[in-house]
**Q** 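Structure provided below as structure tokens; questions to follow.
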Amino acid sequence: MRKFALLLLLLAGGTSIQTRAGLPRDPEKARLTLDHTSHDFGEVPRKGGNIEHGFPFTNDGKVPLVIVRAQTSCTCLKITYPKRPVAPGSSDTIRVVYEPHKSEPGSFNKLIQIFSNAENSREILTVQGFSIEEGATKVKVKREKTKIKN
């Protein structure tokens, strides 16, 4: 009997998941649609100054989009976004400034969480690259061979 009840519970849960997945978008909400969600800065000189990238977006919903806050995974990132509501059908940009002098040299992969009143209330953006210390020795590793360049 217990197995039968568990089976019914699993079947009921599966049905509700399918129903939720099949629901249409909520027409009474904002919708944050980003052009892209990641950016590779490539090689960045650590003491060469700040670098910036913009993440364009559109409000594809029926009500104004309000970005409530942005949270970063590192103090080396500064985020600017529109403080005023973005009208339905309008576009704007979320700007990310990376300050390489605030992090260690080497590979970096940073996350930015964007919270809003949109149907998709949390979006994740990523920036990555390789911070280079000027005057440092660069080491290349290629299939069990190591080459050192000065």
Side-chain angles (χ1 to χ4, degrees), residues 10 12-150:
L10 288 173
T15 304
S16 70
I17 290 170
Q18 287 176 350
T19 304
R20 276 189 224 147
L23 288 175
R25 292 184 188 167
D26 186 345
E28 298 303 316
K29 288 209 171 200
R31 182 143 184 92
L32 176 63
T33 304
L34 290 148
D35 285 1
H36 58 283
T37 57
S38 65
H39 178 70
D40 188 347
F41 284 115
E43 289 187 353
V44 176
R46 187 162 177 258
K47 296 187 179 170
N50 300 343
I51 53 176
E52 182 178 324
H53 180 73
F55 288 93
F57 68 89
T58 303
N59 177 5
D60 287 331
K62 301 289 184 192
V63 299
L65 170 70
V66 178
I67 296 178
V68 179
R69 69 183 169 107
Q71 184 176 344
T72 66
S73 64
C74 178
T75 59
C76 59
L77 295 175
K78 301 293 179 223
I79 310 301
T80 57
Y81 53 88
K83 304 297 185 214
R84 295 182 178 199
V86 178
S90 294
S91 297
D92 211 321
T93 303
I94 297 167
R95 298 217 175 276
V96 176
V97 176
Y98 174 62
E99 300 173 325
H101 67 277
K102 288 189 173 181
S103 60
E104 295 297 317
S107 162
F108 63 89
N109 189 1
K110 308 296 181 184
L111 298 175
I112 302 110
Q113 295 182 79
I114 306 296
F115 297 92
S116 70
N117 69 327
E119 181 179 49
N120 47 333
S121 62
R122 184 182 76 140
E123 286 288 338
I124 296 178
L125 307 175
T126 60
V127 291
Q128 61 189 6
F130 193 85
S131 180
I132 299 172
E133 188 75 55
E134 290 180 16
T137 302
K138 190 173 180 181
V139 178
K140 274 189 171 180
V141 178
K142 234 182 188 181
R143 294 189 200 180
E144 300 182 28
K145 293 181 184 178
T146 302
K147 292 183 182 179
I148 300 176
K149 293 182 180 179
N150 286 329

**Q** Only counting residues at least two apart or in another chain, list the ones meeting salt bridge (Lys or Arg N to Asp or Glu O under 4.0 Å) with E52.
**A** R95

**Q** Tell me whether N117 contacts the main-chain N or O of V68 through its side chain, where contact means a donor paired with an acceptor under 3.5 Å.
**A** no

**Q** Do you know which two heavy atoms are closest between Y81 and A70, and how far apart they sit?
**A** CE2-CB, 3.8 Å

**Q** Just say parallel, tilted or perpendicular for the rings of Y98 and F41, cut-offs at 30° and 60°.
**A** parallel

**Q** For the residue pair Q113 and I124, what are the closest heavy atoms and their distance?
**A** CG-CG1, 4.3 Å

**Q** Using 0.5 Å steps for rounding, measure from the OG atom of S38 to the CG atom of L125.
**A** 9.0 Å

**Q** Kindly give the heavy-atom pair with the smallest separation between P64 and A30, and that separation in Å.
**A** O-CB, 3.8 Å

**Q** Mind checking the CZ-OG1 spacing from F55 to T93? Nearest 0.5 Å is all I need.
**A** 11.0 Å

**Q** Indicate the atoms forming the closest heavy-atom contact of P88 with G61, along with that distance.
**A** CB-O, 3.3 Å

**Q** For K102, enumerate each residue passing the salt bridge (Lys or Arg N to Asp or Glu O under 4.0 Å) test, keeping only those at least two apart in sequence or located in another chain.
**A** E99

**Q** For T37, which residues count as a side chain to side chain donor-acceptor pair (under 3.5 Å) partner, sequence neighbours excluded?
**A** none

**Q** Counting only N and O atoms by type, is there a donor-acceptor contact under 3.5 Å from the side chain of D92 to the main-chain atoms of P82?
**A** no

**Q** Could you tell me whether the side chain of N59 and the main chain of G89 form a donor-acceptor pair under 3.5 Å?
**A** no

**Q** Got H36 and P56 here, is their nearest side-chain heavy-atom distance under 4.5 Å?
**A** yes

**Q** So how far is it from L111 CG to Q128 CD, rounded to the nearest 0.5 Å?
**A** 10.5 Å

**Q** Answer yes or no: is there a side-chain heavy-atom contact under 4.5 Å between L34 and I114?
**A** no

**Q** Which disulfide bond (SG atoms under 2.5 Å apart) pairs, counting each pair once, include a residue from residues 36-70, with sequence neighbours left out?
**A** none

**Q** Please name all residues satisfying side chain to side chain donor-acceptor pair (under 3.5 Å) with Q71, sequence neighbours left out, ordered by chain then number.
**A** R69

**Q** Quick one: CZ on R31 to CG on L65, what's the gap to the nearest 0.5 Å?
**A** 11.0 Å

**Q** Calculate, to the nearest 0.5 Å, the distance between atoms CG and OG belonging to D60 and S91 respectively.
**A** 8.0 Å

**Q** Return the set of residues passing salt bridge (Lys or Arg N to Asp or Glu O under 4.0 Å) with R46 (not counting sequence neighbours), or none when no residue passes.
**A** E133

**Q** Output the distance between atom NZ (K47) and atom CD1 (I132), rounded to the nearest 0.5 Å.
**A** 14.0 Å

